[in-house]
Student: 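Pasting a structure below so you can have a look.
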Amino acid sequence: PTPQKPQNKGKNLQFQPISASNTNEYLMNIGHSIFVKNISPSTTAESLMNHFTAFKPINATLKKGFGFVYFSNQRDRDNALKMDGTELDG
């Protein structure tokens with residue numbers, strides 16, 4: 001059977017911290033970040049960043065179905081990780 005293309009609408013976000021064990025050297029140098037997957041096609045970089053407002057994100061980048069959220073310090077990034085599995089634009 002042909003694999004089905006995943007539908008992101010209504011799925012919960014999943015993410016992980018950027019660290020030496022799961023990324024390349026370039027990404028490690030960009031600071032305190034998390035990788036976010038399962039992003040709805042209707043999500044914008046602005047709405048992704050707004051989702052993490054309580055943790056003071058400094059930037060967000062978005063690609064097709066995934067993105068990165070950047071924080072100014074480790075504490076804010078670690079607190080944002082508690083939102084793993086939350087819904088955005090579902």
Side-chain angles (χ1 to χ4, degrees):
T2 304
Q4 296 289 335
K5 185 176 181 181
Q7 296 293 321
N8 291 331
K9 186 175 181 181
K11 289 191 175 180
N12 293 338
L13 298 177
Q14 296 176 345
F15 44 87
Q16 65 189 57
I18 300 297
S19 69
S21 64
N22 62 16
T23 191
N24 62 35
E25 184 177 338
Y26 170 75
L27 291 177
M28 288 188 318
N29 290 331
I30 60 177
H32 309 291
S33 310
I34 56 175
F35 169 74
V36 184
K37 63 182 182 178
N38 285 348
I39 296 176
S40 168
S42 65
T43 299
T44 64
E46 182 180 358
S47 66
L48 179 61
M49 194 163 151
N50 288 339
H51 189 68
F52 292 95
T53 298
F55 309 105
K56 305 176 199 119
I58 57 173
N59 195 13
T61 58
L62 189 61
K63 302 291 182 192
K64 196 173 197 177
F66 71 93
F68 295 90
V69 181
Y70 308 97
F71 301 89
S72 62
N73 61 64
Q74 185 79 31
R75 184 190 68 220
D76 290 339
R77 185 200 76 172
D78 290 348
N79 286 330
L81 287 171
K82 296 174 186 173
M83 293 182 64
D84 191 12
T86 59
E87 188 172 314
L88 171 65
D89 296 334

Student: Any idea how Phe68 and Tyr70 line up, ring-wise: parallel (<30°), tilted (30 to 60°), or perpendicular (>60°)?
Tutor: parallel

Student: Does the pair Thr43 and Asp89 meet the rule for a side chain to side chain donor-acceptor pair (under 3.5 Å), with working shown?
Tutor: CA-CA 6 Å; Thr43 299; Asp89 296 334; 2.7 Å; yes

Student: Kindly indicate whether the side chain of Phe71, heavy atoms from C-beta on, has any atom under 4.5 Å from the side chain of Val69.
Tutor: yes

Student: If every non-hydrogen atom of His32 is compared with every non-hydrogen atom of Gln74, which pair is closest and at what distance?
Tutor: ND1-OE1, 3.1 Å

Student: Any luck finding a side-chain donor-acceptor pair between Thr86 and His51 under 3.5 Å?
Tutor: yes

Student: Write down the atom of Leu88, the atom of Ser47, and the distance for their closest heavy-atom approach.
Tutor: CD1-O, 4.0 Å

Student: In terms of the angle between their ring planes, are Phe35 and Phe66 parallel, tilted or perpendicular, with boundaries placed at 30° and 60°?
Tutor: tilted

Student: Give a yes or no on whether Ile58 and Met49 share a hydrophobic cluster (residues Ile, Leu, Val, Met, Phe, Trp, Tyr; joining criterion: side-chain heavy atoms under 4.5 Å apart).
Tutor: no

Student: Return the minimal non-hydrogen interatomic distance between Pro57 and Phe52, and the atom names on each side.
Tutor: CD-O, 3.1 Å

